[in-house]
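Here is the structure we will look at, set down as structure tokens.
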2 protein chains.
Amino acid sequence: MALDHAILVSLLERPGSGYELARRFERSIGYFWTATHQQIYRVLKRMEGDGWIDVREVPQQGRPDKKEYSVAAAGRAALSAWLHEPIEPESVRHDLAVKIRGAAFDDPAALIREVERYRQVHGERLAHYLAGEVRDFTGPGAPQASGPPDAGRELQHVVLRGGIAYERMTLAWLDDVLATLRRLGAAR
Amino acid sequence: MALDHAILVSLLERPGSGYELARRFERSIGYFWTATHQQIYRVLKRMEGDGWIDVREVPQQGRPDKKEYSVAAAGRAALSAWLHEPIEPESVRHDLAVKIRGAAFDDPAALIREVERYRQVHGERLAHYLAGEVRDFTGPGAPQASGPPDAGRELQHVVLRGGIAYERMTLAWLDDVLATLRRLGAAR
DNA sequence: CGTACCATGTAAGTGGTTACATGATTCG
DNA sequence: CGAATCATGTAACCACTTACATGGTACG
């Protein structure tokens, strides 16, 4: 049940509305946690009821009004408690791996197109992450770290490096998969 | 909803009981899909009702009788249909990444122990995969591939290589995370 | 004689997905 | 005037988790 905590972290990084959170979950936070707006609104309502977050009605011009949420003391405490409680490394679920093993009982070559699609998606994600890294961390326009290190910045960067490493690894593996599928197709 | 298909693949590789499937999901199939016995029994019942799988009562001595399931024609067809239908690369959920970003609002150094625990778990998984690879694929005792390549074997191996690559990448990243956390702790 | 393993289930709860619903504003 | 974006929700359903339940055999 880390959606609560993912939302708390995001609101600590910057307060915002349910709609804005949903957009963030399509991007930066979405790199390691996904959520739809329906889910987010439900959780926000619950956390508001529990006093974890505060709401502020923000009138806007040219746009619908919005409710801006920010983390209350109780929410900070709940997040801190969760941070200190150990969690098990999560279990993995890879549809593609199921498909690959299933292909042994069907036509392996028919999977090639599917794997190529995956390869493209992961290639795009990698490019996206790398662009973000240059923009926010390593590029010339990026804010310079002067004086003591900014913990939030460093931690965001190391998470992003994880995403980059994951995509690179995945691309290399998908190439391995493609080579294997092609080898099996050629040998028939 | 790939649990159905993961079970079908596993039953195609070798027919078995719900209990046996549950054990497999703790090992080989569990590398890329998890399921508890409660889930498995429910899905087996449903697939049996749909005519996807056949049951055979197998009396045993010294053990309780078991129901051995095997894939029926309709199940094979359902699997084939799924294999040919495109699926989106699945979304990721990493509690640890949420925790790392959350640590910026708490004590980063307190996360070190948690990350070390993760590191150990992933190290064990890697060792487990590598042992399996030697045993089943690359070792001297492993069945030799003579003549035409065995598609099932090759495909199982490439999936396992994916698991190995994933664990290696994760270990390297966790070292990066640890170094970052320690740097932040030392700079305070 | 207790623990571990084999074997199969039910029930309740939670988290997540999909579909439906509304309504205003901006831009081409 | 249609599509996209901003903004917030309800309802139904499905997948998954956790807790509870039973009962036999093997082994040290």
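Throughout, a chain's letter reflects where its sequence line sits, starting with A, and its residues are numbered from 1.
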Does the side chain of B:Lys99 come within less than 4.5 Å of A:Trp82's, by heavy atoms?
yes
Below 4.5 Å, heavy atoms only, C-beta onward: do A:Gln156 and A:Phe137 meet side chain to side chain?
yes
Are [X] and [Y] ion-paired here, with the side-chain N under 4.0 Å from a carboxylate O?
X: A:Glu154; Y: B:Arg183; result: yes
X: B:Asp4; Y: B:Arg46; result: yes
X: A:Glu13; Y: B:Arg101; result: yes
X: B:Glu88; Y: A:Arg117; result: yes
X: B:Arg76; Y: A:Asp106; result: no

Going by heavy atoms closer than 4.0 Å, what residues in residues 52-64 of chain A are next to DNA chain D?
A:Gln60, A:Arg63, A:Pro64
Contact check, residues 26-39 of chain A vs DNA chain D, heavy-atom distance under 4.0 Å, returns A:His37, A:Gln38
Rounded to the nearest Å, what distance is computed from the [atom1] atom of residue [X] to the [atom2] atom of nucleotide [N]?
X: A:Ile40; N: D:dA7; atom1: CD1; atom2: P; value: 14 Å
X: A:Glu68; N: D:dT8; atom1: CD; atom2: C1'; value: 16 Å
X: A:Arg24; N: D:dA7; atom1: CZ; atom2: C1'; value: 15 Å
X: A:Lys67; N: D:dA7; atom1: NZ; atom2: C1'; value: 10 Å
X: A:Tyr69; N: D:dA7; atom1: OH; atom2: P; value: 13 Å

According to a strict under-4.0 Å criterion, is A:Tyr19 in side-chain N/O contact with OP1 or OP2 of D:dT8?
no
Distance below 4.0 Å between A:Arg93 side-chain N/O and D:dA15 OP1 or OP2
no
Could you list the donor-acceptor pairs under 3.5 angstrom formed by side chains in residues 14-32 of chain B, with sequence neighbours left out?
residue, atom, partner, partner atom, Å
B:Ser17, OG, B:Tyr19, N, 3.4
B:Ser17, OG, B:Glu20, N, 3.1
B:Glu20, OE1, B:Ser17, N, 3.0
B:Glu20, OE2, B:Lys66, NZ, 2.7
B:Arg24, NH1, B:Ser10, O, 2.9
B:Arg24, NH1, B:Ser10, OG, 2.9
B:Arg24, NH1, B:Arg14, O, 2.9
B:Arg24, NH2, B:Arg14, O, 2.9
B:Arg24, NH2, B:Pro15, O, 3.4

Which heavy-atom pair separates B:Val134 from B:Thr138 by the least distance, and what is that distance?
CA-OG1, 3.4 Å
Which residues share a ring pair (Phe, Tyr, Trp, His ring centres under 6.0 Å) with A:His84, sequence neighbours left out:
none
Just checking, is any N or O donor in the side chain of [X] or [Y] under 3.5 Å from an acceptor N or O on the other one?
X: A:Ser70; Y: A:Asp54; value: no
X: A:His157; Y: A:Arg161; value: yes
X: A:Gln120; Y: A:Glu116; value: no

Report the end-to-end axis angle of the helix from C:dC1-D:dG28 to C:dG28-D:dC1; each axis comes from five terminal pairs, and the value is rounded to 10°.
40°
Mind checking which nucleotides bracket the chain B contacts on DNA chain C, 5' to 3', with an atom under 4.0 Å from a heavy atom?
C:dC5 to C:dT17
Let me spell it out: for each of A:Arg42 and A:Lys45, pick the nucleotide of DNA chain D with the closest heavy atom. Which residue's pick is nearer the 5' end?
A:Lys45
